[in-house]
Amino acid sequence: MVRVSLSNAWLKSMEHVVIFDLDGTLVDSSAGILASLDHAFRANEVAPTGELSNFIIGPPVREIVDSLSPGLEASTTDMIIESFKSHYDSSGYLRTVPYDGIDQMLRRIINAGVRLAIVTNKREVPTKLIVNLLGWNNYFSSIYCPDSVQPSSRTKAALIGKL
């Protein structure tokens with residue numbers, strides 16, 4: 001359970017946006033990511049050399065695939081990534097759950113008049129699917145993903161700079 005103590009005075013004094021990462025900060029998306037990676041490798045008949053575990057989650061999917069199967073031809077890596085995206089966007093994201101207490105914390109911050117934003121390495125489509133799934137559509141004034149800005153950004157620092 002996450003316990004966050006935010007004084008009302010602090011919240012009311014905020015004139016800026018509070019920025020959150022999504023995966024591993026607001027939500028646990030590991031089950032869906034791992035299931036989609038497993039599906040993608042199986043669908044392309046590639047056995048990963050590394051273990052599919054929570055320890056691999058965090059970097060962009062291309063980096064994960066490269067770390068799990070170094071030396072693959074670029075076309076094979078691309079097919080695995082496309083299989084991952086298709087699976088994750090259709091069913092994998094449904095396994096995402098918010099950490100305990102997050103919804104209440106977000107509502108408290110919003111009710112104090114503070115704007116919220118998400119900056120994530122996750123693509124825009126599944127990010128918005130997850131936000132919708134959790135009923136958070138009206139919580140965030142901005143959502144920044146690598147593919148939601150032009151030119152696309154490769155790092156969270158670049159996304160935060162755009163925010």
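Bear in mind that the values here come from a model prediction, so they are computed numbers and not experimental data. Side-chain atoms are counted along with the backbone in the values below, which use heavy atoms only and exclude waters and symmetry mates. One-based numbering along the sequence shown.
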Correct closest heavy-atom pair for A117 and V17 would be CB-CG1, 3.5 Å
Side chains of H87 and Y93: closer than 4.5 Å at any heavy-atom pair? no
Under 3.5 Å: donor-acceptor pair, side chain of T127, backbone of R123: yes
What I'd like to find out is whether the side chain of L134 reaches to under 4.5 Å of the side chain of D103, using heavy atoms alone. no
Roughly how far, to the nearest 0.5 Å, is OG of S30 from CG of L37? 11.0 Å
Is the backbone of M79 close enough, under 3.5 Å, to the side chain of S83 for a donor and an acceptor to pair up by distance? yes
Show which side-chain atoms of residues 62-72 pair as donor or acceptor with protein atoms under 3.5 Å away, not counting sequence neighbours.
residue	atom	partner	partner atom	Å
R62	NH1	D78	OD1	3.1
R62	NH2	D78	OD1	2.8
S67	OG	E63	O	3.4
S67	OG	I64	O	2.8

Could you check whether any side-chain heavy atom of S36 comes within less than 4.5 Å of a side-chain heavy atom of L34, counting everything from C-beta outward? no
Look up atom CZ in F84 and atom CZ in F41, then write down how far apart they are to the nearest 0.5 Å. 10.0 Å
In the single-linkage hydrophobic clustering (I, L, V, M, F, W, Y; side-chain heavy atoms under 4.5 Å), do L94 and L129 co-cluster? yes
Applying a strict under-4.5 Å side-chain criterion to I, L, V, M, F, W and Y, I'd like to know whether I57 and I118 cluster together. yes
Would you call W136 and L116 a side-chain contact if the rule is heavy atoms closer than 4.5 Å? no
Dump the intermediate steps for side chain to side chain contact (heavy atoms under 4.5 Å, CB included) on Y144 and T120, then the final yes or no. CA-CA 6 Å; Y144 286 84; T120 180; over 6 Å; no
Is there side-chain contact between V27 and I102, with heavy atoms separated by less than 4.5 Å? no
Evaluation steps, side chain to side chain contact (heavy atoms under 4.5 Å, CB included), between D23 and K122: CA-CA 8 Å; D23 298 304; K122 189 180 290 301; 3.1 Å; yes
Determine whether a donor-acceptor pair (N or O, by modelled atom type, separation under 3.5 Å) exists between the side chain of N44 and the backbone of V46. no
Working to the nearest 0.5 Å, report the span between CD1 of I130 and OH of Y88. 3.5 Å
N132 side-chain N/O to K128 backbone N/O, donor-acceptor pair under 3.5 Å: no
Mind running side chain to side chain contact (heavy atoms under 4.5 Å, CB included) on L106 and L26 for me, showing each step along the way? CA-CA 9 Å; L106 294 174; L26 299 177; 4.3 Å; yes
Contact between N138 and I110 at the side-chain level, heavy atoms closer than 4.5 Å - yes or no? no
Output, in order, the C-alpha distance, side-chain angles, deciding distance and verdict of side chain to side chain contact (heavy atoms under 4.5 Å, CB included) for Y139 and R107. CA-CA 8 Å; Y139 285 18; R107 280 189 273 123; 3.0 Å; yes
Could you check if a side-chain atom of I56 sits within less than 4.5 angstrom of a side-chain atom of I33, using non-hydrogen atoms only? no
Can you measure from OG (S142) to CD1 (I19) and round to the nearest 0.5 angstrom? 9.0 Å
Taking atom OG of S148 and atom CD of E124, what is their separation to the nearest 0.5 Å? 5.0 Å
